[in-house]
Structures are given as structure tokens and as C-alpha cells.
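Working notes, beginning with the structure itself.
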Amino acid sequence: MLPRLKLLLCAAALSLCATGSALAADAPSYGPQLQGFDYPFPLKQFSFTSQGAPLQMGYLDVSPVGRKNGQTVVLMHGKNFCAATWGDTISALAGKGYRVIAPDQVGFCSSTKPSHYQYSFQQLAINTHELLKSLKITKAVLVGHSTGGMLATRYSLMFPAEVSKLVMVNPIGLEDWKAKGVPYRTVDQWYDRELKTSAESIKQYELKTYYVNKWKPEYDRWVDMLAGLNNGPGHKLVAWNSALIYDMIFTQPVVYEFKNLRVPTTLMIGTADTTAIGSDIAPAAVKAKIGHYNVLGKQAAKLIPHAKLIEFKGLGHAPQMEEPEKFNAALLKTLAK
């Protein structure tokens, strides 16, 4: 029996190795600026200099379909998202006459991953402002999702006269995690964590947080997008920039300045969202009191002068991807008012 058992174990091991090799062979691999990934619309590049270095921001500039309404909407992506993830919303907006600009911020997706960069929401806002200035856009509607909600807030505080409306979609930064007791991670610790990113870890996180444990085949594309970036030849630079960006998010809360917003603001909140930076290392008592968007959305709406709140009951962190038709209908109705 023993020789037979050894043979079975060897066969199983060989099978697992073969399966692992097949998965590794099938895993996507994209360049450090997401080269090889297909965007839903033609990708353009804005070249500029920042902090002494030549940089590029990838962006989508989609013209209205049919009758123009004269308005421009700027879509700001989240931490684990790109301009491409706005595809359904871009189509819906363009179909109603809006010009749509969807940039990839420096450090993300199709944009430059600098070896050294002092990340701040002010810097990213200025980068975006320079892009819009180059496109001769002097006033726009801002729609910011997740980390993009923090950026859209900062942009609206810095350039209020150039923002006609602000829409935040499940923005993070509705609470100050460090003030609530979440431990601080150094950039080096974030870097070590990001180097371990895999397609499986991405999918499991998105399944729980973005889609409330309901997976659809169309979500696989977004796992491939991030996994391919982290699996590509620039993976160390990608991980380093990701670490710097996480430090920016954790240490630069915007919640204390919501009271200073002076542009018409709407919050669009998937109430089942539980996103909270650092919750994976937070003590149980701290973890229990953070990331409750069913509460946070209401609290933020009270802090922002004259804010309107739209709740998507039971949806997660990315309602524009989870239920695009429902989300786009609500967004278009909000912008039409």
C-alpha cells in the first residue's frame, strides 16, 4: 500500500504543479503604464512636468453623442480603479450630450509611476487642473469615486469657481481611520503588502467589498486589469507607488473640511459598503466601528452644506459597476436638476 500511496501523492503533486503552471501562463501581464490592456475608448496622454520630473497622465476624452448640452463631466477613479472602469457611465453621459474626461492619476493605471513622488491630494488636484486647462475646460461637473471622492473634494475646495457640481460615489475619507484607532503602516510595510498582491487576493477583496459576495463574469476584466499591472515587468514600481498612495490616503483626511464645501454636492452611497483603509490590521474593537457606509453617508450629508444623499440599498463600494443601469439613471437625473 505504501508504494501505491507514494505514487498517488506524486501524481497529485504533479497535477497541482501543472495546474499552477497553467494558471501562471494564463495570468495577464501588462506594462507599468497598463500597456496591453484595452480601454473602452481611445486613450490619450497628457505630458507635463511635476516635482522636477517629466510625467504622463493617461486620459479619456469622449465627445457627446448626438446633441451637445455644453457641459463637461470629469470622472475621478478610485484607488483600485482606472478611467476604464467608468466605461458604462461614460457611455451613458455621452449619450445625453455630455463631454466626458476620465483621467488616470499619476501613479495609477496608464499614467507614469515615478520612482520618487510626494503624493498629496493637492498635487493630484493641480495635475488634473493642468490637464483640464490644456483642454480649455474652465468649468466642469466632478464625479469622484472612492479615493477619487477625496480628490474631488480637495479639487472643489481649491478651485470652487471651476466646479459646477460635485458628486461623490462611495467616497473613502468619510471618517478619519487613524483618529479612530487604526494602526499606522509605514510606506515600507505597505510596499511589502503590495508586493504580495495576486489575482486571487484581488478577487476575494472585490467580491466582499465591491459586490457584496455576488460575482458576475464581467467583473473578471477588472481583476485582470489590476493583476496584470501587478504581474507585469514594472510590478515593483507599481507596488512602490501604491504604497506611497496608501500613505497619502491614510494621512490626509478630508472629512474635517466637508463643512467648507461651497459647490452643490450629492453623495451616492451603496449602503452595504464596508471599505476602511487599514481595517485588516485594526484591533477587533476598532474594526467593528469603521466602514459603515449606511451610517457614514448620512453623517457626511449633514456635514456638507445643502448636500443631497442618494442611497443604493444593499449595494457595495462600486455601484456604478455593480448595477450600472440603476446608477447611471440616478446620476443623469442628479445632473439634470
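Here the structure is a predicted model, which means the values were calculated and not measured.
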Results of side-chain contact (heavy atoms from CB on, under 4.5 Å) for [X] - residues two or more places apart only:
| X | answer |
| --- | --- |
| P54 | none |
| K337 | K333 |
| Q45 | Q33, L43, Q56, S110 |
| A179 | D176, Y256 |

Problem set entry | salt bridge (charged side-chain N to carboxylate O under 4.0 Å, His left out): pairs with one or both residues in residues 140-162, sequence neighbours excluded |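 Applying salt bridge (charged side-chain N to carboxylate O under 4.0 Å, His left out) to every pair that reaches into residues 140-162, excluding sequence neighbours, yields R154-E257.
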For this session: May I ask you to decide if the ring planes of H129 and F159 are parallel, tilted or perpendicular, using 30° and 60° as cut-offs?
Result: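 Parallel: the ring planes of H129 and F159 meet at under 30°.
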Exercise. With under 30° as parallel and over 60° as perpendicular, where do the rings of F250 and W177 fit, or are they tilted in between?
Worked result: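 Because their plane-to-plane angle is under 30°, the rings of F250 and W177 count as parallel.
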Sub-4.5 Å side-chain heavy-atom contact between [X] and [Y]:
| X | Y | result |
| --- | --- | --- |
| M248 | Q123 | no |
| L142 | V263 | no |
| S146 | T275 | no |
| V143 | M268 | no |
| L174 | M168 | no |

Exercise. Taking K208 for the side chain and Q204 for the main chain, is one N or O donor matched with an acceptor at less than 3.5 Å?
Worked result: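 No, K208 side chain to Q204 backbone: no donor-acceptor pair under 3.5 Å.
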Exercise. Distance-only, no hydrogens or angles: does the H145 side chain make a donor-acceptor pair with backbone N or O of L75 under 3.5 Å?
Worked result: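 A pair under 3.5 Å: no.
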Should we count [atom1] of [X] as having more than 12 external heavy atoms under 6.0 Å?
| X | atom1 | result |
| --- | --- | --- |
| K180 | NZ | yes |
| E218 | CD | yes |
| K289 | NZ | yes |
| K178 | NZ | yes |

Tell me, please, which residues at least two apart from [X] pass ring-ring contact (aromatic ring centres under 6.0 Å, His included).
| X | answer |
| --- | --- |
| F258 | none |
| Y184 | none |
| W222 | none |
| Y59 | none |

Exercise. For D61, which residues count as a salt bridge (charged side-chain N to carboxylate O under 4.0 Å, His left out) partner, sequence neighbours excluded?
Worked result: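 Listed in chain order: R99.
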Exercise. What pairs with K133 under salt bridge (charged side-chain N to carboxylate O under 4.0 Å, His left out), at least two apart in sequence or on another chain?
Worked result: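 K133 satisfies salt bridge (charged side-chain N to carboxylate O under 4.0 Å, His left out) with E130 only.
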Exercise. With distance as the sole criterion, is a donor-acceptor pair present between the side chains of N80 and Y210 under 3.5 Å?
Worked result: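 Yes, Y210 and N80 have a side-chain donor paired with an acceptor closer than 3.5 Å.
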Exercise. Between D280 and R185, is the closest basic N to carboxylate O distance under 4.0 Å?
Worked result: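 Salt bridge between R185 and D280, a charged N being under 4.0 Å from a carboxylate O: yes.
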Problem set entry | Charged N-O contact under 4.0 Å between E322 and K214 |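 A salt bridge is absent here (no side-chain N lies under 4.0 Å from a carboxylate O).
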Exercise. Is the NZ or CZ atom of K216 positioned over Y211's six-membered ring, under 6.0 angstrom from the centre and within 45° of the axis?
Worked result: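 No; the conditions do not both hold, so K216 does not lie above the ring face of Y211.
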Exercise. Is the cationic atom of K203 (NZ for Lys, CZ for Arg) positioned less than 6.0 Å from the six-membered ring centroid of W215 and within 45 degrees of its normal?
Worked result: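 Pair K203/W215 counts as cation-pi.
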Result block: side-chain N/O donor-acceptor pairs under 3.5 angstrom for residues 81-90, not counting sequence neighbours:
| residue | atom | partner | partner atom | Å |
| --- | --- | --- | --- | --- |
| T85 | OG1 | C82 | N | 3.3 |
| T85 | OG1 | C82 | O | 2.5 |
| T89 | OG1 | N328 | OD1 | 3.0 |

For this session: Test H317 against every option in I269, T209, V212, T274 by the side chain to side chain contact (heavy atoms under 4.5 Å, CB included) rule and name the one that passes.
Result: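 Only match with H317 under side chain to side chain contact (heavy atoms under 4.5 Å, CB included): T209.
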Problem set entry | Step-by-step side-chain contact (heavy atoms from CB on, under 4.5 Å) determination, F37 to D224 | CA-CA 9 Å; F37 181 81; D224 288 348; 5.6 Å; no
